[in-house]
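Computed from a prediction, not measured in an experiment: that's the story for all the values here. We count residues from 1, following the sequence as given. Remember, it's 1-based here, ligands and their atoms both numbered in the order they're listed.
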Amino acid sequence: MRIVILESAESVSQRAADLFCDQLKRNPNSVLGLATGGTPVATYRELLRRYDQNQVSFEHATTFNLDEYVGLEPAHEQSYRSFMNRELFESVDIDLAQTHFPATLGDLTEAGQRYEASLVEAGGIDLQLLGIGTDGHIAFNEPGSSLASRTRPKALTQRTRMDNARFFDSLESVPKLSMTMGIGTILDAKQILLIATGQNKSKVCRKFIEGPVTALVPASALQMHPRVTVLLDEEAAQDLERADYYREVEAIQSSLENQNT
Ligand code: PGA
């Protein structure tokens with residue numbers, strides 16, 4: 001894992017946007033894996049800013065979101081479809097028909113299989129954006145999820161529901177069930193970018209980066225993937241034991257990259 005510690009949350013969103021812009025420049029037909037939650041909002045704003053300056057286009061991109069709440073209408077303001085329309089899709093040149101979410105109606109097991117099939121049909125995800133829950137979840141793969149799991153229904157932990165209650169009127173209105181890509185699905189992405197900011201993520205960042213690979217910390221499965229970048233601000237990085245080493249490696253890595261450009 002490439003661990004990059006940046007001075008601020010703003011630098012995290014700028015660096016994350018750099019990776020998306022580079023990906024789209026290399027391949028305008030890229031398949032992007034997108035995430036929701038509080039953390040990616042700043043990255044989407046940065047992408048919008050660059051779009052407005054003609055620095056990036058989504059015209060030929062395809063997107064797959066990680067997850068969706070079960071039980072909310074797509075038009076509900078807290079559905080992840082609404083979130084993505086509001087935060088990004090409505091303001092850029094993306095073709096909405098090329099933006100995908102797991103279905104949340106009907107037979108959910110079959111809906112998961114259909115999502116997996118459409119991912120394969122699209123050629124797989126080129127760059128997957130992830131946040132991390134304070135309980136270590138990636139997408140809605142809560143602790144205990146199989147590290148080989150595929151898209152399926154998954155019940156939310158009380159902790160996740162409490163974390164997300166800030167977006168709803170009350171804890172009771174937060175859905176109890178989601179449809180989510182599995183950990184195995186996420187690990188199939190060609191490249192993964194996890195972003196985490198703020199002190200409330202520092203303990204879980206230490207666990208998934210420096211602890212053992214365990215289903216109890218789903219993000220630790222990323223240790224098994226060959227191409228993961230983790231962007232952290234100073235606050236999220238404050239509990240890392242080997243922060244100095246990551247900074248040294250990063251300084252060497254970026255000087256090598258600068259020589260090559
Ligand atoms: P947050 O959520 O960005 O709102 O903290 C992250 C996540 O649950 O993946």
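- Checked against the 6.0 Å centroid criterion, the rings of Tyr80 and Tyr69 qualify as a close aromatic pair.
- Aromatic ring centres of Phe89 and Tyr44 lie farther apart than the 6.0 Å criterion allows.
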Sequence neighbours left out, cut at 3.5 Å: what donor-acceptor pairs do the side chains of residues 59-67 make with other protein atoms?
unit_1: Thr62; atom_1: OG1; unit_2: Gln98; atom_2: OE1; d: 3.4
unit_1: Asn65; atom_1: ND2; unit_2: Leu34; atom_2: O; d: 3.4
unit_1: Asp67; atom_1: OD2; unit_2: Phe140; atom_2: N; d: 3.3

Asp188 and Ile125: side chain to side chain contact (heavy atoms under 4.5 Å, CB included), yes or no, with the steps?
CA-CA 8 Å; Asp188 281 348; Ile125 290 173; over 6 Å; no
Show the short N or O contacts, below 3.5 Å, that ligand 1 makes with protein N or O atoms; if there are none, say 'none'.
unit_1: ligand 1; atom_1: 3 (O); unit_2: Gly38; atom_2: N; d: 3.2
unit_1: ligand 1; atom_1: 3 (O); unit_2: Thr39; atom_2: N; d: 2.8
unit_1: ligand 1; atom_1: 3 (O); unit_2: Thr39; atom_2: OG1; d: 2.4
unit_1: ligand 1; atom_1: 4 (O); unit_2: Gly38; atom_2: N; d: 2.7
unit_1: ligand 1; atom_1: 4 (O); unit_2: Arg166; atom_2: NH2; d: 3.0
unit_1: ligand 1; atom_1: 5 (O); unit_2: Lys201; atom_2: NZ; d: 2.6
unit_1: ligand 1; atom_1: 8 (O); unit_2: His137; atom_2: NE2; d: 2.6

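- Shown here are the side chain to side chain donor-acceptor pair (under 3.5 Å) partners of Glu46, two or more places apart in sequence or in another chain: Arg49, Arg50.
- For the side chain to side chain donor-acceptor pair (under 3.5 Å) test, no residue two or more places apart in sequence or in another chain qualifies with Thr214.
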